[in-house]
2 protein chains.
Amino acid sequence: MDTIDEAIIRCVVRDARATYAEIGKEAGLSPSAAKRRLDRLVKSGAIRGFTAIVDPQSLAWHTEAYVEIYCTGNPTPAELLKALEDIPEVVDACTVSGAADAMLHMLAADIPHLELAIQRVRATGPVDRTESVIVLSRLLSRPRIQV
Amino acid sequence: MDTIDEAIIRCVVRDARATYAEIGKEAGLSPSAAKRRLDRLVKSGAIRGFTAIVDPQSLAWHTEAYVEIYCTGNPTPAELLKALEDIPEVVDACTVSGAADAMLHMLAADIPHLELAIQRVRATGPVDRTESVIVLSRLLSRPRIQV
DNA sequence: ATTGAAAATCAACCCTT
DNA sequence: AAGGGTTGATTTTCAAT
């Protein structure tokens, strides 16, 4: 993780669909070298993936919930991730301390949609039961990826 | 915005670097038609952009917690906001249903820093007590534009 | 970093509704 | 008009060097 990697990350955070030529230009590398670096950053886990930023307004997803999930057995984080990554309503997921196994932040169009999405979560692999808290109003939200 | 657009969004949320052939396969379109649709979604603002998901561990502040706060009396959302906006460790805050008055998402450098920040939360205005859940590992995080 | 074959992009075009 | 398919020149990817 040096200044070149930082340049690559900055570029790809700004536009995940940038070509290797563009990334390389930003980092002072040839396209091939840029690809090797980026592949390495993904493989090492420094970059977890690439995603689209969807406008919640146009999807009209303004119902939020925090959902604690309790699992049967001892699922590994990898198993949990595999079960959750295909549910687009899950915008954040992490394993936590305490009684619950994981905490999810979910985003849905409305309460029926949220209920459906939570049912999908409950239906996946190791999930036993869930405990949800519905968001009534957002007080503040700070951007937290500064590159 | 129809079922085809939704399929495209689902695909590109999962992997922003997917090729048009992959996107089209998922949406039942030819690569060219997939490109036209995706370009339209970007142009219309439904998709704000594409970004890389950077591992929070590589960021300076990598200790996270979800904190439920319970208040004395009936504080208004505005009062809660006023009390919390000066604590930079609070990256998300919202009022919620259930026993708690609000749910905070907090980000700190380490456990001692987090403890200090939670103490500051507890010390502010209407806050009576807190109930914290420490994040052990992040499973996934989808960037989203907040409203 | 360069090379070159394979793949993807993208605009122009045509077809259907 | 609006939207999907097809074509082909250009650009990008990617493994070998």
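Below, chains carry the letters A, B, ... as their sequence lines are ordered, and counting in each starts from 1. Keep in mind that the numbers below use all heavy atoms, side chains included, and drop hydrogens, waters and symmetry copies.
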Figure out the [atom1]/[atom2] separation between [X] and [N], and round it to whole Å.
X	N	atom1	atom2	answer
B:Ile8	D:dG4	CD1	P	8 Å
B:Tyr20	D:dG5	OH	C1'	17 Å
B:Ile23	C:dC10	CD1	P	11 Å
A:Lys25	D:dT12	NZ	C1'	16 Å
B:Leu29	D:dA2	CG	P	18 Å

- [ ] Answer with base, sugar-phosphate or nothing: what part of the nucleic acid does B:Ser30 contact at a heavy-atom distance below 4.0 Å?
- [x]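 Answer is base: heavy atoms of B:Ser30 come under 4.0 Å of a base.
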- [ ] Quick one: label B:Thr19 by what it contacts on the DNA or RNA (base, sugar-phosphate, nothing), any heavy atom closer than 4.0 Å.
- [x]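 Sugar-phosphate: the residue B:Thr19, judged by heavy atoms under 4.0 Å, touches backbone atoms but no base.
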TODO: Verify whether the ring centers belonging to B:Tyr66 and A:Tyr66 lie closer than 6.0 Å.
DONE: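 Yes, close enough.
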Task: Cation-aromatic face contact A:Arg17/B:Tyr20, 6.0 Å, 45 degrees - done: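 Yes; both conditions hold, so A:Arg17 lies above the ring face of B:Tyr20.
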Open item on the list: OP1 or OP2 of C:dC10 versus the side-chain N and O atoms of B:Lys35: is any pair under 4.0 Å?
Closed with: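 Indeed, a polar side-chain atom of B:Lys35 lies that close.
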Open item on the list: Quick check on C:dA11: is either OP1 or OP2 less than 4.0 Å from any side-chain nitrogen or oxygen of B:Arg36?
Closed with: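 B:Arg36 to C:dA11 OP1/OP2: no side-chain N or O under 4.0 Å.
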Open item on the list: Around atom CG of B:Asn74, are there more than 12 heavy atoms from other residues, nucleotides or ligands closer than 6.0 Å?
Closed with: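 Not more than 12 within 6.0 Å, no.
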Open item on the list: Quick test of your reading of the model: are A:Lys35 and A:Asp39 salt-bridged, counting only N-O distances below 4.0 Å?
Closed with: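 Counted as a salt bridge, because a side-chain N and a carboxylate O are separated by less than 4.0 Å.
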Open item on the list: Side chain of B:Ser32 only, heavy atoms from C-beta on: which candidate in D:dT6, D:dG4, D:dC14 is closest?
Closed with: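 So the nucleotide nearest the side chain must be D:dT6.
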TODO: Between B:Ile4 and B:Arg17, name the one whose nearest nucleotide on DNA chain D is closer to the 5' end.
DONE: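 Taking each residue's closest nucleotide, the earlier one in sequence belongs to B:Ile4.
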